[in-house]
Structures are given as structure tokens and as C-alpha cells.
Asker: 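Sharing a structure, written as C-alpha cells. Questions coming.
Keep in mind that the numbers below use all heavy atoms, side chains included, and drop hydrogens, waters and symmetry copies. A note on names: the letters A, B, ... follow the listed sequences, proteins ahead of strands, and every chain is numbered from 1.
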Amino acid sequence: MSALRRAPELLVPALLVLGTALFALQVSSYLQAYFLDTLVKVAIVVALYVFIGNSGVLSFGHVSFVALGAWTAGVLTVPADQKSAIMPGLAHFLLHTNVGNLASLALAAAVGAVAAFVVGLPLMRLSGLAAGIATFAVLEITNNVLTYDQSIGPGENAFSSVPQTTGIWQAAVGALICIAVAFLYRTSRYGRMLRATREDPAAAAAVGISIYRQRLLAFAISGGLAGLAGGIYVHLLPLTAAGLHLDLTFITLAMLVVGGSGSLLGAVVGALALNGLYSFFSAATNGVDLLGWNLTVPQGTAELVLGTLMALVLIARPGGLSGGRELSLPRRRVRLEA
Amino acid sequence: MSAAPPALVLEELSVRYGAVDAVRGLSLEVDRGEIVGLIGPNGAGKSSTLHAIMGAAPVVGGDVRQDGRSLVGVRSEQVARNGIALVPEGRRIFGELTVEENLRLGLAARRTRVSGVAFDHAYELFPILHEFRRRQAGALSGGQQQQLAIARALAAEPDVLLLDEPSLGLAPKIVDVVFEALGRIRESGLAVLLVEQRAQRTVAFADRSYVLANGELRLTLAPQDAGDTDRLVAAYLS
Amino acid sequence: MTLAFLNLSWPVFANGLEFGGIYALMAVGIGLVFGVLRLVNFAYGQLIMAGGFALAYGSQWNFPNWASILFCFGVVLGLSLVMDRLVFRPLRTHSPAVMLVATFAVAFVLQNIAQLSFGTFGKSAGALAFLNSPWDLGGVEVKKIAVIAVVTAAVCLVALQLLLTRTSLGLHMRAASMDFRTAQLLGVRANRVIAGAVIISAVFAAIAAVMLSVEQLQVTSTFGLSDTIFVLAGVVLGGLNRPIPATLGGFSIGFATGILGGALPSSQSQYLPSILFAAVIVVLLVRPNGLFTRGGGAVQRV
């Protein structure tokens, strides 16, 4: 019964993603690039949602796991004969290890999850402002290491020569996997326990819920999803460490905040809508045809639009970051089962 | 011409936090030169009443008037500047500031410009503060901190003094010092509203005491009722 | 002549002092606002950037230097007050985490406004470049800007310390950063205290902008950004809501940056940010109030 009643929580976001994918098949390959990018963003934002939405704790660090996933999938799939040319400093065992597309994605997710777990071991004791700053520090450290350590990747250079296996279906399936995992986690008893700690930490602790363990679990899962998204991303276009830093963190957080961090649907809609807007204004730097009227905007407009929207939403609805309602069929009000 | 309105009047005051009614329809008056006690069990709404007067708790009904002017909707800082001083529960002194700096903070609410700051009055009331004026307030004992909290409130030269459980956690000897000081404060013409847990002592000491339970006024007692334990117990348990 | 025991040359040491001074001012600017508002201002770097652009325009319009600097102060101050009014004030009662995200958004908006207005290459602010030339101090040649930065920072910090300890506004600001609610109950005016912190913080941002523009003549939309991220780390290391520890934190980071930037080959200093932020994490885990802070008094902040 409960699963049936909750079905819309899963189906509506999933259908939105499928619809986007089907629509993307109808458009020119130039436009398709934007849809692909949007599907990857959906995956990243859903990963963010799994942690922030359920725990109510802020994280600036998730793009680290996206970057680690991208590095993992990238370094393991660059054709062996090109590796030493692109990444001259690469460690010996990476130079001689190559895997296929799917295995690289699975490993990207695994690396993301393990990294998040390890980082979370100390960090999940923090909340509020301290959590925000500490996860920001994680982002800075990851970026710093990936930028300069040439034994694990291309350093400051772009990740070129990674097989571009991410087409519409790979991107859509990736986003759907993230949505499904997020839904399963949310409806599991662990997800319910974590949300109980968000609503009332003292009461949750009093009934024996370990806030630390539940947060750690959510952090590891969302890290895994972020890693998967990173893997898919690096198979889409040649990423750089600089491109997986503050801008992406900001953009994905903005999508989550504007969509409403408290619900899966909000995360998906936020990602679809804002990335649509973002893509539009990014494309418009080269000029777009809008109903016969040519629009050209300067570079930076897309970020400006997103930032303004995010600030407005935060001012108008500050609770949006930590609260939220999930979409479901009408039901009796039930107690927390935790 | 009628006489001037009392210094502080609560009229059918109601306070609500979310779904919880903290105070329901409370009416009372405090006039200059009198001490009015407000007693009752834990959770009766005593502190909520004081916070409502200070503009720091949500008033959902009724009125609070100082010298006939309503204070409902006025911000805390302005209530303080209007001449109502609160000695908060738990004293809330600034432990990292010196004793004298704590007293200087009390001046924030003074309506007249202070020239050549002097805390003679405070030091006369509580000589120990003069001795320790350069010390960090956090290093004082609980009783000394309570004296500092009262002195800080008086530094604002208020017309109305609100005290939230000033004897809480103090040794009996120190309680005597506090009550003795309150007596002298009354003589200086202030209107004092004293929230206390020590029911009998408060009833005997105050000019008039109100018993609050479950947010409602249960009983009004005069000093001579202090020995009447039965009525008090009945009011507490009702 | 060298500081043999540190294996440093005088110019490198002076460079450390220069950045130490600038970062200390920025750290205090961030710390003051945090103290009264519990707000970590990610957008502080964009205030400095705005100051940088003001200086660049001053150069372009051939303002005399004093007028450029005054213009820079005006722009930074105005932007600060607008930011406080439009963003911080509506969010004042919300959690520090929400405010942190909001300042993150503001930072991006401002940065992209700059990007839109001035393009990727920004503008040149060359008017103060002459301060890079050295002064001869008793046989030792030291860049003028290094001396100016150290002296200015010292004067500003002493003046701030006097303000905080000797004036009633300062006392009110200190009280508000310890226990805002009780301070208000005592009649301390919230808006006045917050305005005081925002204005002082903006003045320090403007000073930092002037001094940074000497080193970094080309002002772009990321002017001051990496400096601010370092300083944020330093402020957390020092202790967010206390001016003196925040100063020490900021100074240490600046000094280290200045020295390592000049003394070591880049292969050794490239991981400096990692070490710095790892330290930030350790500090947050071990002592949420920061490294240089003494143990709390008897009355705890709530």
C-alpha cells in the first residue's frame, strides 16, 4: 500500500527525465549537447539531494566526488596508446590498467562512495556552519590535488581522448539510476531515520537513532551517485579540474535550492528548469534565434540569472534549504515510523 | 483629572508559542514604589510574561501598558530604552567582559546622555562590585554575578524593574543580600515585578503577589497571607 | 643581508609581512560581521573586486590617486550597505547555513556582473604601480607597498582595538557578538551595531583592494577571490568571532602565502591550499571556535 501511494514520488521525476531524453532525440545534434548536459546535472543534483535533502545539512563538497568519479572513469578509459602522451606523469599501474565503459562507470560510483565515506567519517560529526565550511575545505583540497597531481590524471589540462560513450541513453539511464536510488533510500527506514533527525534531532537521538551513522550512510550514497554522475560526465566531454570546482558547485546548489531541497521532484525539476535556463543563456552568448528575434547576451549572463534566482528564492523562502514536502497521493497523517 | 496611570499594567495578556498557550488572559498592575510578586510552579508562564513585556515573546492578545502607552509590538531594545529593565533568568552577564564593562552595557538603555560615567549608586548597593570592577565578570561567583545583573539593570535608570528568579541557585546568605537590595530599590520609587520560585518569602516580602498556574492567574495574596500554606498549595496544584 | 636562520631574504620576508598585513585586515573584516550576524560572508572577495574596479576606473579617468582611493572606498561601502539591506537583513533571523549559501549566491551574482560589464580581461589599475619600487631602509631595499601595508594594517588594527574597548559602540558590538539577544534586552540597538560592523568591514575591504591592486595591476572578475578563500580559512583557524585571534589567523596565512610564494619553487608550494584546508577541517573537528581562542568564560554563548 505504502509503496503504491508513494509511486508518484518515483514516477513523476522518472517520466520527466524520460520525456527529456525522448525530446532530445528529436532535436539537432547541436541542441542535443545541451540536453545531455542537463541529464548529467539532474544526476548530480539528485546526488546532492540525497544528502542535503534528507539530512538538512549543507554540503559544498559534493562536486569533489563528481570530480573523483570523472577522474576514475577518465583515467581508466583513455586508450592505452594515448595515455602517456596525454598524461605524462601518470602512475605506472594506471598507465597499464584499462577497463570498458560500464566498468569505468561502476568504478567511478565506487570511488565516489568510498571517498565520501572516508571524508564523512570525521566530517559527519559537524553540522550547520561548521559542516558548510568543512565540506568547502574538502572541495578546495580535492581541486588542489587534482589540479597538480599528474600521477592520477591530466593535472591542469583537459581530460581529452576519453571515449565519448555518453549519449542520450547513457545520460538518461544514469539520471534514472540516481533517481531510483534516491527514492529507495528516501523510503527506506534509514532515510526515514535521517529525516527524523532533521525534523527533531533531540527526539531522534532519544529514540536511539545515531545521527552520525545515518548522516554517514546518506553521505556515502550521495557520494556514490555523484561519482557515477562524474563518470558519465567525463564520457560526455573533456572535463578540466577547473570546470569541476566553484562554478559547478554553485550551479548545482542553485538548482537544488530553487527546486526545493526537501523533495526528489523538486531536485529534478530544479535541475531541468534551471539547466534549461542556463543552457539557453549560455547558447545565447553566441546568439540564439528566439521566435525570429535574434538574442545575443554577453558571457556570464547565465550565471547571473541563476545566482539572482537563487538569492531571490533564499530570501523569499529561506526554509526551502532544509524543509520540503514530497509529492504523494493524499493520505492520512501518520506518525514518523522511526 | 484622574491620577496618573500605574507604571506597568498588563491587561488580559495572552502569549502563545506555536500551539502552546504560555499565558492566558493575565491582568495585573505594578505601581511606583511597590514590589509585586509573581509566583507559581515551573512552566506556569512567569518568564513568558516578563518576555512578553520586553517584546521578546509573541503576544497574541491583550495589552501591556507603561504609563498608559501600549508596548505591544515594540522591539526589545526600544522597550529597554523606554525605561523597563529586565534582570534575566540565569543572569546572562557577559563573562568575558569586565564587571565595569557589564555595567556600561546597562547604560545602553539610558534615555539621558551620560556624562562622566559613575556607578556610585550600584557600588553603594553592592560594594563587592566596586572591589571587583576590573575583573572579568565570568570569574565572579554566582551570587556576585546576580548582584552584577541587578546593578546592570539599574544602571539604565529604569522606571520599571523586572526580575526573573534572582534567587535561583544562590546560597541563603546571598539571597538575603539580594532581597535586602530589592527593598532599598523599592524605596527609591521604582516599580518592581519580581518573578520567584521561593513562594513564601516572596509573598511575605512583596506588597502584593499573584499566583500563576498553567498560564492563568489563580490567586492574589497580601503579605499577611504568607503563613497560609494551604491556600498557596491549593493554588499551585489547581 | 639575509635572515639566515629562516633561510629567507629580506624582500621575501617583507613580502610575507605585506600579505600578512593585508590578510589580517580582511580577516578582521570577515570576523566582525560574523561576530554580530553569525554570517560568513563569501561575497567579501567581491567587495574587494568592486574596489579594484573602482581604482581601475579612477586610473582610466585620470583621477588623482587620493580621489581614486576615495572613490574605491565609496564604491565598497555603498555595495556593502546595499548587500546588507537587500540580502543580509531579510535573512538575519535564519540559520548561519542558509546565510552562507545566500552569500555564496551573492558572490556569484557580483562576480558575473563584473564579468558582464568588464569582460574576461577586466581593466588595468596602474595608478599605484609606483609603490612596487623599493625604499632603502638602512641598507636594505624593501618594496614601498610592503612598508605601507604593514604600517596601515597596524594602524587600522590598533584603531579598531581602541574603538572596541574604549567606545560604547565598540562595547555594544562586543556584547552583541557574545550574546545578541541579551544585548538587545539591555537596549543595545541591533541595527546600529550591525551597521557598525558592516561599515568597518567594508572599510577594511576597501583598504585591502587598494593594496592588492598594487601587486595585481590587472583587475578581473576574480580579483581578490583566491585571497578571500585563503583568508576565510585563516579566520576559521584563528577563531571567527574574536578580532585578535582572527587577526592572527589572517596574518599567519598571509605571511605563509607571501613567503612560500617567493621562497620556494612552485612544486613545493602548490599543495599549500590542501595543507591549509586540511588544517581548517582539523580545527573545525577539534575546536569549533578556532586555534588561538582562549577557553570560554563562565558564561557561555548560547
Asker: Grab the two heavy atoms, one from A:Ile315 and one from C:Leu91, that are nearest each other, plus how far apart they are.
Answerer: CA-CD2, 4.0 Å
Asker: I need the contact set between residues 143-157 of chain A and chain C: heavy-atom distance under 4.5 Å, sorted by residue number.
Answerer: A:Asn144, A:Val145, A:Tyr148, A:Asp149
Asker: Please report the closest heavy-atom contact between C:Ala278 and A:Ile141, naming both atoms and the distance.
Answerer: N-CD1, 3.5 Å
Asker: Do you know which two heavy atoms are closest between A:Pro122 and C:Leu285, and how far apart they sit?
Answerer: O-CD2, 3.2 Å
Asker: Against chain C, label A:Val297 side chain, backbone, both or neither, depending on which of its atoms sit under 4.5 Å from a heavy atom there.
Answerer: neither
Asker: Considering all heavy atoms of both residues, which atom of C:Leu116 and which atom of A:Pro298 are nearest to each other, and what is their separation?
Answerer: CD2-CG, 3.3 Å
Asker: When rounded to the nearest 0.5 angstrom, what is the spacing between CG in A:Asp247 and CG in C:Asn112?
Answerer: 7.5 Å
Asker: Can you tell which part of C:Ser117 gets under 4.5 Å to a heavy atom of chain A, answering side chain, backbone, both or neither?
Answerer: neither
Asker: Considering all heavy atoms of both residues, which atom of A:Gly128 and which atom of C:Ala97 are nearest to each other, and what is their separation?
Answerer: C-CB, 4.3 Å
Asker: Got more than 12 heavy atoms from elsewhere within 6.0 Å of CZ, C:Arg85?
Answerer: no
Asker: Classify the ring geometry of A:Phe136 against C:Phe104: parallel below 30°, tilted from 30° to 60°, perpendicular beyond 60°.
Answerer: perpendicular
Asker: Restricting to side chain to side chain donor-acceptor pair (under 3.5 Å), what partner residues turn up for C:Tyr44, sequence neighbours left out?
Answerer: none
Asker: Does CZ in A:Phe117 sit with more than 12 non-hydrogen atoms of other residues, nucleotides or ligands closer than 6.0 Å?
Answerer: no
Asker: Where along residues 303-311 of chain A does a heavy atom come under 4.5 Å of chain C, listed by residue number?
Answerer: A:Glu303, A:Leu304, A:Gly307, A:Thr308, A:Met310, A:Ala311
Asker: Could you give me the CA-CA distance, side-chain angles and deciding distance for A:Thr142 and C:Phe277, then say whether side-chain contact (heavy atoms from CB on, under 4.5 Å) is met?
Answerer: CA-CA 10 Å; A:Thr142 311; C:Phe277 282 100; over 6 Å; no
Asker: Between C:Phe42 and chain A, with a heavy-atom cut-off of 4.5 Å, which part of the residue counts as in contact: side chain, backbone, both or neither?
Answerer: side chain
Asker: Using non-hydrogen atoms and a 4.5 Å limit, figure out which bit of C:Ile229 sits close to chain A: side chain, backbone, both or neither.
Answerer: side chain
Asker: Check A:Leu246 against C:Leu225 and note the closest heavy-atom contact, atom names and distance.
Answerer: CD1-CD2, 4.5 Å
Asker: Which residues satisfy the side chain to side chain donor-acceptor pair (under 3.5 Å) test with C:Gln218, sequence neighbours excluded?
Answerer: none
Asker: How far does CG of C:Leu232 sit from CD of A:Glu140, to the nearest 0.5 angstrom?
Answerer: 9.5 Å
Asker: What part of A:Ala254 gets within 4.5 angstrom of chain C, counting heavy atoms only: side chain, backbone, both, or neither?
Answerer: neither
